[in-house]
Amino acid sequence: MGSQTRTLWGSGRIGSLHLVAPVWNGGTRGIGGLSRVVAPEGNQKKGRSLLQFLADRFYDVEALRDHLLRKQVSKVHQKNRPFNHINQRYGPYVAGAYFILKQGGAVRFQGREWIRPNQRGHFSLDFLKLQAVPVEAVDASGCAINYQGLDSLLALKELQSLWLQRCPHVDDWCLSRLHPLASSLQELSLAGCPRVSERGLACLHHLWNLRRLDISDLPAVSSPGLTRILVEEMLPSCEVLGADWAQGLKLGPEEQPRDTAGPTPA
Amino acid sequence: MLRRTLLLGLCRGPLGRGLGTHRGGSILGKVEGRGGYRGSWMAPSSSSVTFRTQDPAHDVKTVGRLGGGDRDGKMSEIKKKIQSILPGGDWNPLYDTSYLPPEGSDVVIVGGGVLGLSVAYWLKKLEKPRGAIRVLVVERDHTYSRASTVLSVGGIRQQFSVPENVQLSLFSVDFLRNINEYLAVADDPPLDIQFNPSGYLLLASEKGAAIMENNVKVQRQEGAKVCLMSPEQLRNKFPWINTEGVALASYGMEHEGWFDPWCLLQGLRRKVQSMGVLFCRGEVTRFVSSSNLMKTASGEEVNLKRIHEVHVKIDQSLEYQPVECAIVVNAAGAWSGQVAELAGIGNGPPGTLQGTKLPVELRKRYVYLWHCPQGPGLETPFVIDPSGTYFRREGLGHNYLGGCSPTEEEEPDPGNLEVDHDFFQDRVWPPLAQRVPAFETLKVRSAWAGYYDYNTFDQNGVVGPHPLVINMYFATGFSGHGLQQAPAVGRAVAEMVLEGHFQTINLSSFLFSRFYSGEKVQEHNII
């Protein structure tokens with residue numbers, strides 16, 4: 001309900017007017033709207049042109065639109081703020097775990113089960129007593145973690161498995177920041193991240209302990225098959241899950257699909 | 001003329017009032033039916049309508065006579081004419097002057113490359129209140145065919161020996177990372193500068209190893225993430241390197257790499273235009289200035305000059321426009337020396353402050369693109385050999401870009417941008433093949449040449465005002481690392497112009513006065 005009230009001019013009044021599309025969509029909360037940074041929808045274009053029309057003519061509409069955009073950006077910053085007081089009191093492992101759980105991800109301490117927040121985002125604070133237990137696995141799939149937020153993750157020195165599937169703000173800069181985890185990180189998943197390209201994948205060679213890497217479904221990579229081959233060459237002891245290397249290859253003349261009704265070729 | 005105006009003034013109908021007045025009458029003249037002027041608007045009895053204009057030669061010219069016949073086509077023509085005449089349209093009774101710069105501007109920036117646009121951006125960003133300063137950017141080549149920005153290899157690093165350079169580069173990397181927050185224009189797609197965070201790898205021989213260690217200490221102090229590697233570690237990490245002759249290597253782990261400078265330029269251009277900066281396509285040919293003889297505190301007499309007008313000559317024409325200005329920013333890149341001479345910098349007996357020229361000159365540098373299928377893979381950083389040869393990966397197809405800076409004796413003639421392919425054979429390929437054995441079988445695909453705005457004094461930038469020509473500010477002379485420091489230098493110059501002193505990064509050691517006092521800020525790591 002809270003997110004509905006944010007559609008100021010409502011879908012009832014002016015058709016499907018979405019303010020400040022593509023970044024903000026009042027109808028969905030969190031990640032679904034944010035992923036539209038990459039692919040704005042068609043109906044948002046109509047709403048956007050009306051908004052642009054008004055913003056070109058009225059200073060207050062322009063200021064309102066800029067304010068809403070800035071608010072959206074600052075919301076992501078707010079989500080990625082470091083919890084320094086928790087870090088000082090309970091140590092870096094608990095602070096990192098709290099950060100991930102607050103974003104909606106899941107954490108696994110060494111020798112324990114996965115801790116996940118429930119449907120409403122609440123999680124038990126039992127892990128606050130695990131100050132000396134290192135965090136082994138982090139599942140931040142779909143979370144709004146960005147370059148700033150990685151501060152909290154990089155303090156987890158014994159992290160073995162990191163899943164960053166479908167994170168809308170993880171980009172090449174974030175990947176270049178992962179090198180402090182090189183000695184422990186064994187599994188990394190970047191499947192479905194809209195901003196990761198082959199340029200960021202090039203700096204994964206610092207992670208010499210990596211054994212499993214998932215780079216499937218990356219829309220920003222220009223040639224997925226070739227990238228997978230190059231990453232496999234770059235990380236020889238790592239199993240790379242990615243696009244099939246034959247994907248994107250043009251068929252040669254002898255492999256063209258033949259017409260079965262014709263005469264059988266030699 | 002008077003009679004006509006009186007007639008129009010006295011006989012004004014609702015039409016004259018509604019369309020505003022221009023020299024006492026309506027711009028449209030009078031819409032008339034048959035038989036001359038009427039006292040009031042009357043629906044024309046025929047469907048023919050005549051529009052008349054008043055032009056300075058006082059003779060009435062008929063703009064168009066629309067006869068009867070098909071109304072629809074004629075109606076749209078009438079609508080178009082009305083729209084062009086109303087305010088905001090492009091009808092000008094005198095002549096079209098849209099190609100000329102304005103007659104006055106608070107700040108005139110000579111040069112529209114990345115440094116000039118960066119200064120314009122930060123001036124408009126840091127000004128209070130909004131819209132206070134009028135900025136004009138004068139660029140003589142709007143295709144940027146010879147600009148250093150777009151011909152550059154696009155690298156950015158923090159591995160410098162001067163701490164200010166490291167700070168400038170760190171801020172610029174921060175700017176590039178958040179480029180879509182800084183340069184966001186509403187309703188335009190976000191920028192993708194295609195940053196490759198692969199880092200720089202500087203190799204040092206025995207002689208340079210001690211200097212490199214010192215430099216890395218300075219860089220780490222400023223916050224750069226650089227690590228030192230021994231030859232064995234180098235062989236483990238990059239098996240394709242031949243470490244013969246290498247004693248030490250410094251490798252940037254974060255915030256270093258290369259990007260697309262054209263995208264940065266276009267992003268800055270777009271943003272700066274949306275902030276209200278005017279662009280003019282022309283060349284600065286003259287500065288009109290005035291001098292004042294002043295006494296310093298110690299009683300010495302100094303001749304202080306102030307530039308009042310900038311004469312901007314339009315391309316392929318003899319026409320020029322004098323632009324009155326308060327401040328001139330010299331961001332002309334490789335041609336800054338010539339612009340400074342126009343302002344009279346360096347006219348004086350040698351050895352005095354008046355006689356100190358701006359030591360920035362054109363130097364030509366070549367960049368070669370080659371293909372090597374057995375070459376190093378995706379993890380290749382920007383490698384710089386102790387001999388000065390450098391190369392980096394380009395794309396995914398085993399293509400590499402690289403080159404070498406010639407020594408002082410071999411400097412090519414900077415009169416044109418022709419490429420010397422023998423230079424690659426003799427000076428670039430041998431050290432490359434020695435350092436990376438796979439490069440023995442490479443094939444050059446293409447090459448180009450670009451200019452460095454080479455500072456012959458100490459190869460570091462000049463930032464800040466001139467001590468004698470008090471309203472000329474410099475942002476030039478970066479000798480090959482201007483692109484990577486442009487956002488930070490732009491901010492520094494804007495702070496200098498708006499506040500009078502540097503606020504965030506202290507670049508007082510980069511002022512012009514060091515050319516007179518002889519204090520070199522020597523940068524060792526110049527490619």
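Everything numeric here is computed off the predicted structure, so don't read it as measured data. Chain identifiers are assigned alphabetically (A, B, ...) following the order of the sequence lines, protein sequences preceding nucleic acid strands; residue numbering begins at 1 within each chain. As a basis for the values below, the full set of heavy atoms in this structure was taken, side chains included, without hydrogen atoms, waters or symmetry mates.
E181(B) touches chain A through its side chain: at least one heavy atom from C-beta onward sits under 4.5 Å away, while N, CA, C and O do not. The part of K237(B) that comes within reach of chain A is its side chain, from C-beta onward, which places non-hydrogen atoms under 4.5 angstrom from that chain. Interface residue F238(B): only side-chain heavy atoms are found under 4.5 Å from chain A.
Crowding of K80(B) atom NZ: a count of heavy atoms from other residues, nucleotides or ligands under 6.0 Å not exceeding 12.
We find that E394(B) and R392(B) are joined by a salt bridge, their nearest charged nitrogen and carboxylate oxygen being less than 4.0 Å apart. Between R228(A) and E232(A), at least one side-chain nitrogen of the basic residue sits less than 4.0 Å from a carboxylate oxygen of the acidic one, meeting the salt-bridge criterion.
Residues R134(B) and L278(B) form no side-chain contact, since every pair of their non-hydrogen atoms from C-beta on lies 4.5 Å or further apart.
Comparing R177(A), H206(A), E198(A) by heavy-atom pairs within less than 4.5 Å of chain B, the highest count is held by H206(A).
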